[in-house]
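For the numbers below, each heavy atom of this structure counts, side chains included, while hydrogens, waters and symmetry mates do not. We count residues from 1, following the sequence as given.
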Amino acid sequence: MTKEMQIYLEVTRECLEQCMGMLETEKSKRKALLRRDTKELESVISGQQAKIMQLENMERKRLEAQAHAGFGGQTASQMLDAMPEGEEKTQLQQLLAQLRETVQQLKTNNQEALKIAQAELRVYQQVGFVQEKTSNSPTYKPGRSKRADWSSFEQKI
């Protein structure tokens, strides 16, 4: 196995581990939403944002390593098609299969969390805690009608 391919496989493993960590964070976010634990939700989202930035950096490294291994600009399928049968190809197939599965789970969990958050928002809107934006409504407050005094911001517009 070439040094470049070893580096590429290692960086890809790191991306997989990061995605697996993000999956656990996504599950924590979903649990916080279900418990309506806003402090925990804020903490999870903050950590999630940091993990996303780390993954972006890892992905850049992975693409660089891919180019150094001789597969720059190729998709995973193209890489696998171009590789001869052997240990490298088998390892890469396994890594990419795990990565695809983890990313799919991450996407599914994120969609579920989004649905929960949207449902909670609808409940709050129905109860009157959150007012929907309507036309001609610069400022609304729960239980009150449109403010008679226009904000200075609105006057300038």
Side-chain angles (χ1 to χ4, degrees), residues 1-127 129-134 138-139 151 153-154 156-157:
M1 183 178 307
T2 66
K3 180 181 177 184
E4 291 81 6
M5 184 53 79
Q6 286 175 337
I7 292 170
Y8 176 74
L9 290 172
E10 182 57 36
V11 173
T12 303
R13 262 187 221 94
E14 290 173 7
C15 286
L16 173 61
E17 289 169 8
Q18 183 71 8
C19 287
M20 292 171 96
M22 291 174 69
L23 180 58
E24 292 306 312
T25 301
E26 194 64 40
K27 289 176 182 178
S28 296
K29 181 172 75 173
R30 185 175 182 272
K31 288 177 186 175
L33 280 165
L34 289 170
R35 288 191 316 262
R36 296 180 178 152
D37 186 343
T38 55
K39 288 186 181 190
E40 176 66 16
L41 184 60
E42 288 175 12
S43 174
V44 169
I45 289 172
S46 177
Q48 189 177 36
Q49 290 169 341
K51 287 181 180 188
I52 289 169
M53 290 172 50
Q54 290 171 344
L55 181 62
E56 288 172 351
N57 288 331
M58 288 178 176
E59 180 63 10
R60 275 192 285 279
K61 289 179 185 176
R62 190 189 67 75
L63 291 174
E64 287 175 16
Q66 180 177 328
H68 288 295
F71 298 102
Q74 293 185 14
T75 65
S77 297
Q78 290 170 332
M79 284 180 66
L80 291 170
D81 288 344
M83 292 176 76
E85 293 299 323
E87 182 184 349
E88 287 179 353
K89 185 172 184 173
T90 301
Q91 285 183 20
L92 185 57
Q93 285 173 322
Q94 291 170 350
L95 270 175
L96 293 175
Q98 289 175 314
L99 188 58
R100 280 187 196 110
E101 177 64 26
T102 303
V103 168
Q104 185 57 48
Q105 289 176 11
L106 189 57
K107 182 179 176 182
T108 300
N109 276 272
N110 183 272
Q111 289 170 340
E112 289 174 4
L114 181 61
K115 287 178 186 176
I116 293 167
Q118 289 171 335
E120 286 296 314
L121 181 59
R122 281 191 299 273
V123 168
Y124 284 125
Q125 287 171 336
Q126 290 172 355
V127 179
F129 289 122
V130 178
Q131 293 292 322
E132 292 186 52
K133 177 101 171 112
T134 59
T139 356
S151 69
F153 176 76
E154 189 122 3
K156 290 179 184 178
I157 295 177

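- No side-chain donor-acceptor contact under 3.5 Å links Q118 and R122.
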Could you go through residues 12-23 and list every donor-acceptor pair under 3.5 Å that involves a side-chain atom there, pairing it with any protein atom two or more places apart or in another chain?
residue, atom, partner, partner atom, Å
T12, OG1, Y8, O, 2.8
R13, NH1, E10, OE1, 3.4
R13, NH2, Q91, OE1, 3.4
Q18, NE2, K51, O, 3.0
Q18, NE2, Q54, OE1, 3.1

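- Once rounded to the nearest 0.5 Å, the distance linking CG of L95 with CG of L9 reads 6.0 Å.
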Just distance, no hydrogens or angles: give the donor-acceptor pairs under 3.5 Å from side chains in residues 37-47, sequence neighbours left out.
residue, atom, partner, partner atom, Å
D37, OD1, K39, N, 3.4
D37, OD1, E40, N, 3.1

Listing, residues 28-35 side-chain donor-acceptor contacts under 3.5 Å, not counting sequence neighbours, or none:
residue, atom, partner, partner atom, Å
S28, OG, E24, O, 3.1
K29, NZ, E26, OE2, 3.0
K29, NZ, Q48, OE1, 3.4
R30, NE, E112, OE1, 3.2

Walk me through whether M58 and K61 qualify under side chain to side chain contact (heavy atoms under 4.5 Å, CB included). CA-CA 5 Å; M58 288 178 176; K61 289 179 185 176; 5.6 Å; no

Please lay out, stage by stage, how V11 and I7 fare under the test side chain to side chain contact (heavy atoms under 4.5 Å, CB included). CA-CA 6 Å; V11 173; I7 292 170; 4.2 Å; yes

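- Atom-to-atom distance recorded for M83:CE and D81:CG is 11.0 Å, nearest 0.5 angstrom.
- A distance of 12.0 Å separates CD in Q74 from CG in L63, rounded to the nearest 0.5 Å.
- Judged by distance alone, the side chain of N109 and the main-chain N or O of Q105 form a donor-acceptor pair under 3.5 Å.
- Rounding to the nearest 0.5 Å places CZ of R62 at 9.5 Å from CG of L55.
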CA sep, side-chain torsions, deciding dist, call: L80, K89, side chain to side chain contact (heavy atoms under 4.5 Å, CB included): CA-CA 6 Å; L80 291 170; K89 185 172 184 173; 4.1 Å; yes

